[in-house]
Asker: 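Submitted below is the structure of interest, expressed as structure tokens.
Just so it is clear: chains get the letters A, B, ... in the order the sequence lines come, proteins before strands, and each one is counted from 1.
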There are 2 protein chains.
Amino acid sequence: MTTLSEVARLAGVTSATVSNVLRQRGKVGEQTRLRVLEAVEQLGYRPHLTARALAEGRAPTLALMVSSIANPFYPEFALAAERAARAHGRFLIVCNTNDDPATGRAYLDQIAGTLSDGVLIMNANLPMDDLKKTEKRGAPVVLCMWEKPDAPPELPSIAVDFRAAGAIAGRHLIELGHRDIGALVGSKKNGIHAERYRGYLDACAEAGRKHAQERTRYIPDTVAAGYDATMAMLKEFPQLTAIFASNDLPALGAMNAIADMGLNVPRDISVIGITDIQWARLSRPALTTVAVPTDSAAEMSIELLLALINRSSKSPVMRVTATPELVRRASTAPPKKR
Amino acid sequence: MTTLSEVARLAGVTSATVSNVLRQRGKVGEQTRLRVLEAVEQLGYRPHLTARALAEGRAPTLALMVSSIANPFYPEFALAAERAARAHGRFLIVCNTNDDPATGRAYLDQIAGTLSDGVLIMNANLPMDDLKKTEKRGAPVVLCMWEKPDAPPELPSIAVDFRAAGAIAGRHLIELGHRDIGALVGSKKNGIHAERYRGYLDACAEAGRKHAQERTRYIPDTVAAGYDATMAMLKEFPQLTAIFASNDLPALGAMNAIADMGLNVPRDISVIGITDIQWARLSRPALTTVAVPTDSAAEMSIELLLALINRSSKSPVMRVTATPELVRRASTAPPKKR
DNA sequence: TTGAAAGCGCTAACAC
DNA sequence: GTGTTAGCGCTTTCAA
């Protein structure tokens, strides 16, 4: 490993000067600058980021806490977040909590404020208290995809208007003429997807209709759960002509279930999801869904986090992304005439 | 931020002692130990990982270079790698090169050997030379999924016998009775998937058959490319009864194309892939594929990397994972009688 | 068993 | 412009 002072020695200057030329801090003569640069080149010197971090009192990394990077939505977010971080000279450490609060806490304890300057929280199943504690210890925390713009959380956050997304999905189904709709909610009753469902109910209300409780299933946010719930619901309510799913994963499961029952999407039953993950456009039929602005949410999250780190913003702040938009694909159509 | 010496002061000892207590380095009296622990608790002290790294001369992080974490296979690998890294007390930094060698080089230059102790290379499109250069600078490098066990690379690596995988896929198709098979190779002719195709050709040869060159398409490793190539190939060779794809993504594309042509998988045409990514089991019909041992490849990669870092192993070493295995699902069946 | 002190590689005042 | 110096927070000999 080549160090600053080795470079300095070769260039016949002191390490402070080398540091100055490397950080482009003016006040360096043109010839010494050239001499230093040459020495750097010759020795193949690379700054030691850890040492620099310690001296500067700040880490070059940010952490992203996520329940599991293998969940199909997160990689897309992570990619965008990493890009945004890079654009600001930061590296991204990925922390999979596996939905286990203890794992998340361990991460927070170890890296927040030491290895990484701040942390992005994406659905990591961590109690607010733990998050506030790490914030108090000096490491800013940003909630990446808050679901309720009307109810700002106690921590800085980027919010997506998921209620609007739910309403858009509901409206689309209703406008197509659907009256018998089943709803798949990918969380507990008052869980994370509650707002999306509320939005769907808003759309029903707007249309002067009422959604019957029994036609709603609260399930895990997975393809398999969407599959099972759809099977069950279709058996109980064969008259359904459409399925509203609070997320793309259960929607995809619903499509599979419908296909396996020998029915056709969208001819017999329409399906709509929310998010617009990659698979949505690749499934057959391609899934109609309400696209959430993933990339800009990631960028906004990184920017807010950096602002907090630089103390140029004070918590709590909530910023709202652009409104989700309908993406019409092939899984929705008017209901069959009877 | 609480520092070691603050804890030391509170406990009435010196920071060296606190350090000893924390690192469980015996030689500390029981009462002082307790006193120190209490002080740690009281102040909510957390070791500063960056400072520790600098003092120890080693970073607590490992880097994973990948072309794009959003590519459906990588997140699964990344998850397993992160778990393995955590099990050894390391954190994982994700580096998306975006398939751009310059980006990869920039990462290597910046973090290898400074911010991170070593780097895992997963299909990041980086020239060997750059990798060898970073290794020379002192940061071990491990190639995570080398495709040719018979031709060890010049760097430490974990190899998967993809030729065997290709042979397994080919054999499966042939055993089902297929004779008119189209091949989709997800890389350039002598590119990364060449071994898989060779394996497929091995299977043909074993069966005393010869695969006709014109029935092979070299394409990008994507769903879209698989779709287009299948469309084209089926138009040119309507007699095909099966598609061998060197990867699941093109295989999924092939299934979509077949469906869009109004044909049925597997009744009219069988499709097989390689890897067994998550989507494979979720597609309709579920994709028959040859599963690669992702998790163990990730673990082996991490372990090899750590061994190199601890100099308990010297490069180059190549280790081979368990052999890929056939996963029969619904996309393959015997060909129709004519 | 505990303390003193040096140093990891770099940055940032402050002098010269 | 360039050098001197004092740390950043921790680990680790080496002495006591």
Side-chain angles (χ1 to χ4, degrees), chain A residues 1-37 39-40 43-61 89 110-117 137-139, chain B residues 1-37 39-40 43-60 89 109-117 137-139:
Chain A
M1 245 223 59
T2 321
T3 70
L4 249 203
S5 55
E6 290 173 330
V7 174
R9 201 175 323 132
L10 211 186
V13 293
T14 180
S15 57
T17 303
V18 178
S19 179
N20 279 334
V21 5
L22 260 24
R23 338 246 15 253
Q24 331 247 42
R25 288 238 187 296
K27 50 182 178 178
V28 176
E30 185 56 14
Q31 351 187 23
T32 29
R33 205 179 69 84
L34 259 30
R35 222 163 353 112
V36 166
L37 256 23
V40 164
L43 297 175
Y45 168 79
R46 302 277 178 277
H48 196 294
L49 264 30
T50 298
R52 177 178 286 178
L54 187 59
E56 285 183 332
R58 60 180 216 141
T61 66
Q110 290 194 66
I111 71 175
T114 72
L115 226 203
S116 92
D117 260 5
R137 279 215 317 278
Chain B
M1 247 223 59
T2 321
T3 70
L4 249 204
S5 55
E6 291 173 331
V7 174
R9 199 177 323 134
L10 212 187
V13 294
T14 181
S15 56
T17 302
V18 179
S19 178
N20 279 333
V21 170
L22 262 23
R23 338 259 357 263
Q24 330 247 44
R25 288 239 185 297
K27 51 181 178 179
V28 176
E30 185 57 13
Q31 350 187 27
T32 29
R33 205 179 69 84
L34 261 30
R35 215 152 11 99
V36 167
L37 256 21
V40 164
L43 297 176
Y45 169 79
R46 303 277 178 275
H48 195 293
L49 263 31
T50 297
R52 177 177 286 178
L54 187 59
E56 285 183 330
R58 58 177 220 147
D109 275 357
Q110 290 195 68
I111 69 177
T114 72
L115 227 204
S116 94
D117 260 5
R137 280 215 317 278

Asker: Looking across every strand, which nucleic acid part, if any, lies under 4.0 Å from B:Thr32 by heavy atom: base, sugar-phosphate, or nothing?
Answerer: sugar-phosphate
Asker: Considering every strand and a 4.0 Å limit on heavy-atom distances, what is the contact class for B:Gly29: base, sugar-phosphate, or nothing?
Answerer: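 Sugar-phosphate, no base atom in range.
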Asker: Which sits closer to the 5' end of DNA chain D, A:Glu30 or A:Glu56, going by the nucleotide each is nearest to?
Answerer: A:Glu30
Asker: Round to the nearest Å and state the distance from B:Leu54 atom CG to C:dT11 atom C1'.
Answerer: 12 Å
Asker: Rounded to whole angstroms, how far apart are CG on B:Asp117 and C1' on C:dC8?
Answerer: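 About 14 Å, once rounded to whole Å.
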Asker: Are any of A:Arg23's side-chain N or O atoms less than 4.0 Å away from OP1 or OP2 of C:dA12?
Answerer: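 For C:dA12, OP1 or OP2 has a side-chain N or O of A:Arg23 closer than 4.0 Å.
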Asker: For the helix from C:dT1-D:dA16 to C:dC16-D:dG1, what angle separates the axis at the start from the axis at the finish, each from five pairs, in steps of 10°?
Answerer: 40°
Asker: Output the single nucleotide from C:dG9, C:dT2, D:dT12 whose closest atom is nearest the side chain of B:Thr17.
Answerer: C:dT2
Asker: Kindly say whether A:Leu115 contributes a backbone atom to a donor-acceptor pair with the side chain of A:Thr61 at under 3.5 angstrom?
Answerer: yes
Asker: Starting from C1' on C:dT11, measure out to CG on A:Leu49 and report it in whole angstrom.
Answerer: 13 Å
Asker: Specify the closest pair of heavy atoms between B:Pro47 and B:Arg52, including all atoms of both residues, with the distance to one decimal.
Answerer: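 So the two residues come closest at CB-NH2, 3.5 Å.
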Asker: How far apart are the C-alpha atoms of A:Arg33 and A:Glu30, what are their side-chain angles, what is the distance that settles it, and do they pass the salt bridge (charged side-chain N to carboxylate O under 4.0 Å, His left out) test?
Answerer: CA-CA 5 Å; A:Arg33 205 179 69 84; A:Glu30 185 56 14; 3.3 Å; yes
Asker: Expressed as a whole number of angstroms, how long is the span from B:Met1:CE to D:dC8:P?
Answerer: 11 Å
Asker: Go through the steps for A:Thr32 and A:Val21 under the test side-chain contact (heavy atoms from CB on, under 4.5 Å), then give the verdict.
Answerer: CA-CA 9 Å; A:Thr32 29; A:Val21 5; over 6 Å; no
Asker: Apply the test side-chain contact (heavy atoms from CB on, under 4.5 Å) to residues B:Leu22 and B:Leu4: give CA-CA distance (whole Å), side-chain angles for both, the deciding distance (0.1 Å), then the verdict.
Answerer: CA-CA 10 Å; B:Leu22 262 23; B:Leu4 249 204; 4.2 Å; yes
Asker: Report the distance from atom CZ of B:Arg35 to atom C1' of C:dG3, rounded to the nearest whole Å.
Answerer: 14 Å
Asker: In whole angstrom, give the distance that lies between atom CZ of B:Arg33 and atom P of C:dT1.
Answerer: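 Roughly 13 Å, once rounded to whole Å.
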Asker: Would you say B:Arg52 places a side-chain N or O within less than 4.0 Å of OP1 or OP2 belonging to D:dT11?
Answerer: yes
Asker: If every non-hydrogen atom of A:Ala8 is compared with every non-hydrogen atom of A:Ser15, which pair is closest and at what distance?
Answerer: CB-N, 3.5 Å
Asker: Give, ordered by number, those residues of residues 5-15 of chain B having at least one heavy-atom distance below 4.0 Å to an atom of DNA chain D; if nothing qualifies, reply none.
Answerer: none
Asker: Please report the interatomic distance OG1(A:Thr114) to CG(A:Leu54), rounded to the nearest 0.5 Å.
Answerer: 11.0 Å
Asker: Check every strand shown and say whether B:Ser19 touches a base, only sugar-phosphate, or nothing at a heavy-atom separation below 4.0 Å.
Answerer: base
Asker: Quick one: on DNA chain C, does A:Asn20 or B:Ala51 contact a more 5' nucleotide (nearest heavy atom)?
Answerer: B:Ala51
Asker: Please name the pair of heavy atoms, one in B:Ala53 and one in B:Pro60, separated by the smallest distance, quoted to 0.1 Å.
Answerer: CB-CD, 3.9 Å
Asker: For the pair made of CG in B:Leu4 and P in C:dG7, what is the distance, rounded to whole Å?
Answerer: 20 Å
Asker: Donor-acceptor pair, B:Thr50 side chain versus A:Thr50 backbone, under 3.5 Å?
Answerer: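 Checked: no pair found.
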Asker: What's the CG-C1' distance between A:Leu115 and D:dC10, to the nearest Å?
Answerer: 14 Å
Asker: Does B:Asp109 form a side-chain contact (heavy atoms from CB on, under 4.5 Å) with B:Arg137? I'd like the steps, not just the answer.
Answerer: CA-CA 10 Å; B:Asp109 275 357; B:Arg137 280 215 317 278; 3.8 Å; yes
